[in-house]
Amino acid sequence: MADRTLFPDLSSRLPGFYELPLSERRMIAAKFAGEEDTIRFGEKCNLGGLTAELTDTFIENAIGGFSLPLGVATNFLINDEDILVPMAVEETSVLAAASHGAKLVRAGSGFKTSSTPPIMTAQIQLEIPGKNISEYEAKLNQYKPNILEYANRGHKRLLSRGGGAIDLTWRHIPEIQSLILHLDVNTGDAMGANIVNTMAEKVATLIPSLFSCEVGLCILTNLSVKRLAKAECWIPAKVFDRPEMDGADVIERIHRAYLFAYHDIYRATTHNKGVMNGVDPVLIATGNDWRAVEAGAHAWAARSGRYLPLTNWSITEDRHLYGCLEMPMAVGTVGGVTKLHPTAQMALKLMGSPNARKLAEIICSVGLAQNLSALRALSSEGIQHGHMHLHQKNIDLLERQIRQGATSQ
């Protein structure tokens, strides 16, 4: 955690932050990370901080690095704690939208979050001849404690931290004559892909000794339905008051925009892309597997058989806007890139060195803020007004480069 005795007045509410020089923004961010040495902080957050050794470790056939801008989203008040959120993304308007959404939520009571334990699931496919499934299920029930004990062998460190394989369930898919085992593993503060895949392959060597079967695939599922994070917010209508539009009208429009996404898959797809505009940059900044979370998010959105919005927006009896985002969030704060990449380490430190569950809750809050900002813009002035204002810097830079190129020829 940042040392609040050194910096007692930290607040993520930073009006005009984007107008400050980069050096001053780094000084403020360094305080949140508990870093008195702002030069050291800047070195870890620079645009080319990977060594040749780390680059070769992270990728095959390395030839260099590809930089993304790293910024911080402001205004986040999560469970009454001020947090600056690091985000790595090339899109001009993403951080502005996240910060604006957080500002609206802050005017209410901030974000309230929760999460389930970090349970990942591995799938083990057993190809079963014939249709008499009950005898296989009886064997699995009989040997279930032994299978879990076998899966946990050699994982003393994980077990000592309260993790390890905790449950085994199964389901039959007759179309492929397979019994699919689901091995649930508490992975602690790790994302856990390597842990659960190792356990699945280990269990797969034991099963054929218990009954006759052929073992098919052994791998985790990225639809981690037992590893969920949730963020909620309640915002009074007056927060949305504008000279040209009453706040109550704005939240009615936001709710109608949500209903559009709920009833139309084309709109729901773009609605959810907006949520992931907030989620993915935090995953990237912290060295987490954004592709895995993306896959799980879209599968979760379609779990009812219809593809639906990831968020839920409604108007309460006291005319507050209520928002909620709950989704699978398999993230880690230990192991892999998260611990090796210097910028990922500093990004976590910037947020107070959260554990995996708290990081998941922060990321959900950013996704909800991003979605709120987009819906508010769509429901009032239109999405292009703010987006193109911020995008103008890109256009100006491109025009300068074209002019310079023409002059040099």
message: If you apply the rule side-chain hydrogen bond (donor to acceptor under 3.5 Å, both in side chains), what do you find for Thr333 with Asn355, and how did you get there?
response: CA-CA 6 Å; Thr333 57; Asn355 61 20; over 6 Å; no
Polar side-chain atom of Arg253 near backbone of Ser379 as donor-acceptor pair, under 3.5 Å: yes
query: With no hydrogens and no angle check, is any side-chain donor or acceptor of Asn79 less than 3.5 Å from a backbone partner on Thr113?
result: yes
- request: Considering only NZ, NE, NH1 and NH2 on the basic side and carboxylate oxygens on the acidic side, decide whether Lys358 and Asp189 come within less than 4.0 Å.
  value: no
query: Heavy atoms, side chains only, cut-off 4.5 Å: are Met276 and Leu310 in contact?
result: yes
field: Main-chain N/O of Ala96 paired with Ser99 side-chain donor or acceptor, under 3.5 Å
entry: no
- prompt: So which heavy atom on Ala98 is nearest to which on Ala369, and how close?
  reply: O-CB, 3.7 Å
message: Nearest 0.5 Å, please: how far is NE2 in His172 from CD1 in Ile133?
response: 3.5 Å
field: Ser178 (side chain) donor-acceptor with Ile176 (main chain) under 3.5 angstrom
entry: yes
Test item: Asp289 side-chain N/O and Arg291 main-chain N/O as donor-acceptor pair under 3.5 Å: yes
query: Looking at Ala165 and Asn152, what are the two nearest heavy atoms and their distance?
result: N-OD1, 2.7 Å
task: Would you check if Thr205 and Val203 make a side-chain contact, meaning some heavy-atom pair closer than 4.5 Å?
output: no
- request: Determine whether Trp234 and Leu321 make a side-chain contact, defined as any pair of heavy atoms from C-beta on separated by less than 4.5 Å.
  value: no
message: Tell me the closest heavy-atom pair linking Phe32 and Asp82, and the distance in Å.
response: CE2-O, 4.0 Å
Derivation and outcome, side-chain contact (heavy atoms from CB on, under 4.5 Å), residues Ile207 and Ile147: CA-CA 8 Å; Ile207 298 296; Ile147 295 171; 3.8 Å; yes
task: Heavy atoms only: give me the nearest Gly367-Val279 pair and the separation to one decimal.
output: CA-CG2, 4.0 Å
- request: Check whether any side-chain heavy atom of Leu228 lies under 4.5 Å from a side-chain heavy atom of Trp300, and answer yes or no.
  value: yes
field: Euclidean distance, Ile180 CD1 relative to Leu217 CG, rounded to 0.5 Å
entry: 8.5 Å
message: Show, in sequence, the C-alpha distance, side-chain angles and deciding distance for Trp170 and Leu140, and conclude whether the side-chain contact (heavy atoms from CB on, under 4.5 Å) test is met.
response: CA-CA 9 Å; Trp170 48 86; Leu140 287 169; 3.6 Å; yes
query: Side chains of Trp313 and Cys233: closer than 4.5 Å at any heavy-atom pair?
result: yes
query: With a 3.5 Å cut-off and no angle check, do the side chains of Thr187 and Arg161 form a donor-acceptor pair?
result: no
- request: Let me see the working for Arg153 and Glu149 under salt bridge (charged side-chain N to carboxylate O under 4.0 Å, His left out), right down to the final yes or no.
  value: CA-CA 7 Å; Arg153 288 182 191 176; Glu149 187 275 332; 3.1 Å; yes
task: Could you walk me through whether Ser224 and Asn222 pass side-chain hydrogen bond (donor to acceptor under 3.5 Å, both in side chains), step by step?
output: CA-CA 5 Å; Ser224 48; Asn222 289 125; over 6 Å; no
query: Under 6.0 Å from the NZ atom of Lys202, do we count more than 12 heavy atoms belonging to anything else shown?
result: yes
message: Looking only at side-chain N and O atoms, does Thr221 offer a donor or acceptor that is under 3.5 Å from a partner on Gln123?
response: no
message: Regarding Asn272 and Tyr307, do their side chains bring together a donor and an acceptor under 3.5 Å, going by distance alone?
response: yes
field: NZ/Lys144: more than 12 non-hydrogen atoms of other groups inside 6.0 Å
entry: yes
field: Asn197 side chain to Leu220 backbone, donor-acceptor under 3.5 Å
entry: yes
field: Inter-residue atom distance Thr121.OG1 - Lys226.NZ, 0.5 Å rounding
entry: 5.5 Å
- line: Applying side chain to side chain donor-acceptor pair (under 3.5 Å) to Glu214 and not counting sequence neighbours gives none
- prompt: Mind checking whether His155 and Arg157 have side chains closer than 4.5 Å, heavy atoms only?
  reply: no
- request: Heavy atoms only: give me the nearest Pro236-Gly108 pair and the separation to one decimal.
  value: CD-CA, 3.8 Å
message: Take a 6.0 Å sphere around CG of Asp241 and say whether it holds more than 12 heavy atoms from other residues, nucleotides or ligands.
response: yes
message: Before you tell me yes or no, could you show the steps for Glu252 and Val250 under side-chain contact (heavy atoms from CB on, under 4.5 Å), namely the whole-Å CA-CA distance, both residues' side-chain angles and the distance that decides it to 0.1 Å?
response: CA-CA 5 Å; Glu252 287 281 357; Val250 175; over 6 Å; no
- request: For atom OH of Tyr262, decide whether the heavy atoms of other residues, nucleotides or ligands shown that lie under 6.0 angstrom number more than 12.
  value: no
task: For the pair Leu14 and Ile28, evaluate side-chain contact (heavy atoms from CB on, under 4.5 Å) and give the outcome as yes or no after the intermediate values.
output: CA-CA 10 Å; Leu14 298 168; Ile28 294 171; 4.0 Å; yes
His341-Gln345 side chain donor-acceptor pair, cut-off 3.5 Å: no
field: Thr311 versus His271, side-chain donor and acceptor atoms under 3.5 Å
entry: yes
query: So, are Asp184 and Arg227 salt-bridged, with charged N and O less than 4.0 Å apart?
result: no
message: Quiz question: by atom type and distance under 3.5 Å, do the side chains of Asn75 and Arg13 form a donor-acceptor pair?
response: yes
query: Are Arg357 and Glu361 ion-paired here, with the side-chain N under 4.0 Å from a carboxylate O?
result: no
field: Exercise: identify the closest heavy-atom pair between Gly287 and Val337
entry: O-CB, 3.8 Å
query: Is there a donor-acceptor pair under 3.5 Å between the side chain of Ser12 and the backbone N or O of Phe76?
result: yes
message: Under a 3.5 Å distance rule, please check whether Gln370 uses its side chain to pair with a backbone N or O of Val94 as donor and acceptor.
response: yes
